[in-house]
Amino acid sequence: MQVRDLSMAGAWGDSVDVLKAIEPSLVNCITCGGCAAACAASANVSVAKAILLLRRGLLADARAALEGCLFCGKCRFVCPMGVNTRGVIAALTFSPDSSGNILHQ
Amino acid sequence: MHTKKIAVIGAGPAGLGAASVLSRNGLRVSVFHREAAAGGHLNDWAWLFPRFVPARDVAVSMAAETRQVDFHPGCHIAGVSRHANGQFKIVMPDGQTEVADALVYAGGFRVFDASRKEELGYGIYPRVVTSADLEKMLAGEVPFPVELLQQQALRIGVVHCVGSRDEKSGNRHCSRMCCVTGVKQSIELRKRFPNSRVTAFYMDMRMFGNGYEELYLEAQRDWQVLFVRGRVSEVAESDEGRLRVKAEDTLLGRPIRDEFDLLVLMVGMEADLPKWLIEDLGVKQIDAGFARGNDELVASNRTPTRGLYLAGSCKGPLSVAEAWNDGQAAAQQLLLDLNR
Ligand SMILES: Cc1cc2nc3c(=O)[nH]c(=O)nc-3n(C[C@H](O)[C@H](O)[C@H](O)COP(=O)(O)OP(=O)(O)OC[C@H]3O[C@@H](n4cnc5c(N)ncnc54)[C@H](O)[C@@H]3O)c2cc1C
Ligand code: SF4
Ligand code: SF4
Ligand code: SF4
């Protein structure tokens, strides 16, 4: 099993800062999972998980947590913290990271 | 000694705490209280966390701490104004007025109206109740939904943070009391219905007081209450009248679809300040809408208006003991200022 480095160097830095700038509401997430419970797509799609992974600096995994997302916005409706989940998904899926690469797979 | 006259508005734990100190220091004290009996929300609860003391007994012993006060029960104060000479004019429901040299506002909080969270089905499905309703059921004042008593293998769900930490209901703040209330009520339900299983859906467990953490452990160890970290996003009713719940187990990253016979919503504490307090007496508010003292550290009972003091949960969610102590602190502050 791969040991993960939680030195936080990449956690809230680098590409995550780019995403934060695009969708500032993402910092309000309390990872309650309401979005995942309400998700229309599948049991594997989770904005909560994506945001948690993002905070650990694990961008590729965060993207994977949204695979299959229909972009329907139901998760935004249930979020208690006013996170613009669609904005987070869009930023994560379509935005360039710090090295200029498009995050989209 | 003093002949100054002090008005206390609200006779919950905080107002009684203030009245006890003021009346024992030779001041003339008038207490104005909306309900017939002193005690505030204590009269709405059955047993208090963390040690299951009967709430009404606490109300009685708090009231017994006061000395001669002029108690006005059933007296909802709908307006107070301040004269140029610094005195307060209090208007009673019958139109009569009373004048006081200083005023302690101890009007408390309001319980969140759960029907505002439509997706949880309160007011739609009879088996969805609030923590406040459950207190009445535990006290025997309101019956439990009848079928529950006979049912085998009862499933009960407890939902935390209803109307708190929730931007949609306009309440960003944490109500502080509902986590431990959830733990307390889970245990009470397990005692009342030994054939039940209780699952509590929480987002963070906030066991801040003495004995709370122990109660949380007891609930899991001795009463097999299952705590699941995740927010309930929807409640619907099945054909058999059971409650279908959608949630996410955020620690396992797995969705939950479960059915319950009873859902108890841990409703939050909201600000309930009268207009006149803000508009006529100049009291400021914190973001959550509660009253703001001059500062949170050394002058939380004082206001920018001379002679006006704040006490208890009108300033934010407090426990009974905290509200009582805060009322006494407000009175002490008032005495210090009077003698200055
Ligand atoms: C479901 C639930 C369960 C709880 N259980 C516990 C527990 O087990 N243990 C614990 O420590 N805490 C518990 N609490 C918290 C507890 O209720 C509060 O700590 C306490 O009631 C605060 O006291 P208070 O005097 O500040 O306000 P309140 O109890 O709200 O009293 C204020 C009083 O002022 C009166 N009033 C307001 N405005 C006016 C006016 N204009 N004129 C006249 N009268 C007025 C009100 O009618 C009220 O009676 C619980 C809270 C909830 C929501
Ligand atoms: S519902 Fe909102 S606060 Fe809760 S995990 Fe999803 S994005 Fe975060
Ligand atoms: S927008 Fe995507 S993540 Fe949100 S509920 Fe719809 S499918 Fe699920
Ligand atoms: S005390 Fe617990 S249930 Fe109440 S608002 Fe805070 S976190 Fe939620």
Side-chain angles (χ1 to χ4, degrees), chain A residues 1-2 4 6 23-56 58-70 72-89 92, chain B residues 112 114 116-121 157 159-175 178-179 199-206 227-236 243-258 260 263 265-268 287-288:
Chain A
M1 196 193 199
Q2 206 192 329
R4 216 152 29 100
L6 271 187
E23 188 40 67
S25 73
L26 100 86
V27 300
N28 293 335
C29 174
I30 55 174
T31 61
C32 69
C35 49
C39 179
S42 89
N44 299 321
V45 178
S46 170
V47 177
K49 200 169 171 194
I51 292 178
L52 211 53
L53 288 160
L54 251 179
R55 287 179 178 169
R56 308 283 192 274
L58 303 169
L59 283 167
D61 294 338
R63 281 206 313 271
L66 294 173
E67 234 163 78
C69 164
L70 309 165
C72 67
K74 199 173 169 212
C75 46
R76 184 175 182 186
F77 179 72
V78 301
C79 175
M81 297 308 287
V83 175
N84 177 3
T85 50
R86 266 165 65 105
V88 173
I89 298 163
L92 190 55
Chain B
F112 177 78
R116 278 162 60 193
K117 293 229 50 87
E118 273 169 47
E119 66 270 35
L120 297 180
V159 182
H160 285 225
C161 297
V162 175
S164 307
R165 309 179 70 196
D166 178 11
E167 230 155 62
K168 295 248 157 60
S169 22
N171 293 322
R172 255 284 174 102
H173 69 275
C174 162
S175 294
C178 16
C179 269
T199 305
F201 296 93
Y202 71 97
M203 287 194 274
D204 293 287
M205 289 303 281
R206 298 190 162 160
F227 288 87
V228 173
R229 187 184 180 284
R231 191 176 184 92
V232 170
S233 72
E234 280 169 57
V235 177
L243 299 159
R244 281 216 182 101
V245 165
K246 261 192 186 183
E248 169 84 359
D249 185 332
T250 60
L251 295 180
L252 295 182
R254 289 188 190 164
I256 294 174
R257 304 281 180 270
D258 211 344
F260 294 94
L263 265 194
L265 311 180
M266 294 300 125
V267 279
D287 289 345

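In what follows, chains carry the letters A, B, and so on, assigned in the order in which the sequence lines appear, proteins first and then strands, with residues in each chain numbered from 1.
Taking SG from Cys161(B) and CD1 from Ile30(A), the interatomic distance works out to 6.5 Å, rounded to the nearest 0.5 Å.
Ala36(A) touches chain B through backbone and side chain together, each having a heavy atom under 4.5 Å away.
Of the listed residues (Ala48(A), Cys35(A), Ala43(A), Cys32(A)), the greatest number of heavy-atom pairs within a distance under 4.5 Å of chain B belongs to Cys32(A).
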Cross-interface N/O pairs, chain A with chain B, donor-acceptor, under 3.5 angstrom:
unit_1, atom_1, unit_2, atom_2, d
Ile30(A), O, Arg229(B), NH2, 3.0
Thr31(A), O, Arg229(B), NH1, 2.5
Thr31(A), O, Arg229(B), NH2, 3.2
Thr31(A), OG1, Arg229(B), NH2, 3.2
Cys32(A), O, Arg231(B), N, 2.8
Lys74(A), NZ, Glu234(B), OE2, 3.3
Arg76(A), O, Lys168(B), NZ, 3.4
Phe77(A), O, Lys168(B), NZ, 2.9
Cys79(A), O, Lys168(B), NZ, 2.9
Pro80(A), O, Glu167(B), N, 2.5

